[in-house]
Amino acid sequence: VTTPDWVVLTAWLAFIVAYGVWRGGRSRDINGFLLAGKDMRWPTVALSIMATQASAITFLSTPGQAYVDGVRFVQFYLGLPLAMIVLAITAVPLYHRLKVYTAYEFLEKRCDLKTRTLAASLFLIQRGLAAGLTIYAPALILSVILGWDVHITVALIGVLVVIYTTSGGTRAVSRTHVLQTAIILLGLAATFAVLFASLPRDISLLDAARVGGAAGRLKAIDASFSLSNRYTLWSGLLGGFFLALSYFGTDQSQVQRYLSGRSVAESRTALLFNGLFKVPLQFAILLLGVAVFAFDHFSRPPIFFDPVALQKARASAQGGQLSALEQRWTEVLILREERAREFARAARGSDHILRAQAGERLRAASADAAAVRQQAVALITTADPRSNPNDTNYVFLTFVVRHLPAGLLGLMLAAVFAAAMNSSSAELNALAATTTIDVYRRFLAPHASERRSVLVSRAATVLWGGVAVFFAEVINRMGSLIEAVNVLGSLFYGTILGIFLVAFYGRSVSGTAVFLAAVVAEVTVLACFAFTPVSFLWYNVLGCLAVVALALALNPLLPRRLAPQPRNG
Amino acid sequence: VNLVTDVIHPPPAEEPPPCGGTWFLLYTLVVANLLFWIALFVAVTRAFS
């Protein structure tokens, strides 16, 4: 990291905080602070929705995922556009007409206070802890790449986000999202350009794509019905649809984004815009990973992408063996490069047999390289059992640090910080909204003045920022970060989605039935987590189905007087 | 606002989309766009496998 990079990075971070404080203004009422006065136009809301979802860890992990597993992960997003249509038609007009600040207010109007409180509490626990992970995950990777202590990067991200989110609330969050998304897209485009310009002269873009394809990295669609295969067309369409319904329809960090729209039409259009652009955006990020993968056939990538773990292993008792393996690694890479050129030449011709043979030889050379790498990973985890054998999160930044010219590297690092700050600011903003509306104004001070409520919202933002940073500081023994994020979300998402589904579509189900069903479902999910080997992805399905089934079963057994009275107004 | 029927049978949108066109056109565009990308992914998978 050179001086121009530091200048670009520092200037961007200082600018975005100042911009957030300036554009956020000084809201004097709760509508202004939590919903930006409901005067946002659809392009701002749409970019804010996209920026909230694309956290830094997604941004760093996705190219790495494509590097090792190909682009099939894109199927995960195929259900999202359909969910956007459903939410645009149903949830958006309902939330707008009810004039709610949080999604959980709807639950009290439809069910009862205890159901609202339960859903809000689950959100606060889950999102409060997830906010720590959202900060910690990119902070860890950036600390390794920049050579900083992880506590410094955690504190830096946390403090910067808290400053402008506390000052300007939702308006600051949405306005900064627009600029931060712009720098992320700019960084990605610059990386694509550098990558393609760095390919050897005799290797075209099509050649690079063919090399990626020969290794199975361009298998985007798997139409099989296998239940054991995590990413297929069907699991993406169906599972992705329910996941997107839950996340965009019931998670306050997203609901708050589109509630800040000027009208139902503006919010709807923003969600539909997300439905239009999410799939191609994710595909582009995945293609970047495949491009790095193809590029590495003509360069010398390290044997392991986490530089700190590699350095530790070199300095350990396993250092001698690792050194021999690294020498062998260079040899197999030279052979793999030769095979890749041979395959590219053969693929340009029309002789299919020659092409197939060259493809086989390339795959054999790649298998040799993978075997050597596997041995190195075993040595690295022997040298330090706490090392994570999964180094995919470091793949993309390793390329960036090794190949991007001075200045552009700073831009890319700024983009990573931007992605981290985008999702963190939306989370803190949503946590503050839920704390103020569903706890403070509902239980502690129902008649609090607007001025006082804004003050409490600001205090809640700082408080949750502190919780997130504290959690991020003590988190480093949790193992795989991506898995931790997903496990945490899966513990609560199913139950919350189940509550909203019954509230939306269960015409005659009473609030008490929903509440009891949700409590039993959540206890069941937590018991599954603690006592069974059931994979965490199933918790979402289990929690949701349990709430729906139990609520429908319990409803006829409960006294009739508890059935909800439809309210008109 | 009827909390149950508004979700099951949402009232028609009063305003047209701010980006122009009609809501039906916009929904169709989202579905067509999804189908386009799925078709493209199938083509990429076949071309490079």
Side-chain angles (χ1 to χ4, degrees), chain A residues 41-43 71-72 74-75 77-82 84-85 88-94 97-99 106 109-111 209-210 212-214 216-223 233 237 262-266 268-269 272-273 275-277 279-280 283 503-508 564 566-569, chain B:
Chain A
R41 302 301 300 267
W42 70 266
V71 295
R72 69 193 184 110
V74 77
Q75 296 171 109
Y77 294 94
L78 294 180
L80 185 145
L82 303 176
M84 293 302 100
I85 294 176
I89 294 172
T90 59
V92 171
L94 188 70
R97 275 199 288 274
L98 287 173
K99 295 185 169 54
F106 156 75
K109 293 174 194 284
R110 163 62 183 86
C111 299
R210 283 171 177 153
R217 298 298 191 274
L218 287 174
K219 266 186 199 161
I221 292 288
D222 179 353
L233 176 63
L237 280 171
R262 186 174 288 185
S263 63
V264 172
E266 299 279 346
R268 263 185 178 164
T269 308
L272 295 174
F273 178 92
L276 276 174
F277 287 93
V279 173
F283 187 58
F504 273 178
Y505 299 107
R507 278 171 186 262
S508 60
R567 297 177 188 192
N568 293 293
Chain B
V1 179
N2 188 311
L3 296 175
V4 177
T5 54
D6 264 19
V7 175
I8 298 171
H9 303 292
E14 303 85 3
E15 295 175 64
C19 54
T22 64
W23 288 112
F24 178 74
L25 193 66
L26 205 50
Y27 298 142
T28 309
L29 182 66
V30 174
V31 174
N33 180 63
L34 175 65
L35 292 175
F36 165 77
W37 284 104
I38 291 175
L40 184 80
F41 296 154
V42 170
V44 167
T45 303
R46 284 189 181 161
F48 291 100
S49 60

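Residue numbering restarts at 1 for every chain, and letters A, B, ... go by the order of the sequence lines.
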Looking at CZ of A:Arg268 and SG of B:Cys19, how far apart are the two atoms once the value is rounded to the nearest 0.5 Å?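 It is 12.5 Å, given to the nearest 0.5 Å.
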
Minimum side-chain heavy-atom gap [X]-[Y] below 4.5 Å:
X       : Y       : value
B:Phe41 : A:Leu78 : yes
B:Trp23 : A:Ile89 : no
A:Val74 : B:Trp37 : no

Using heavy-atom distances under 4.5 Å, tell me whether [X] contacts chain B through its side chain, its backbone, both, or neither.
X        : value
A:Pro280 : both
A:Ala223 : neither
A:Phe273 : neither

Testing the basics here: between [X] and [Y], what is the closest heavy-atom pair and its distance to 0.1 Å?
X       : Y        : answer
B:Val30 : A:Leu276 : CA-CD2, 3.9 Å
B:Pro16 : A:Ala265 : O-CB, 3.9 Å
B:Asn33 : A:Gly275 : ND2-O, 4.2 Å

I'd like to know if the side chain of B:Thr45 reaches the main chain of A:Ile221, judged simply by a donor and an acceptor atom lying under 3.5 Å from each other, with no hydrogens or angles considered.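 Yes.
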
By side-chain hydrogen bond (donor to acceptor under 3.5 Å, both in side chains), which residues pair with A:Gln75, not counting sequence neighbours?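 So A:Gln75 forms no side-chain hydrogen bond (donor to acceptor under 3.5 Å, both in side chains) with any residue.
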
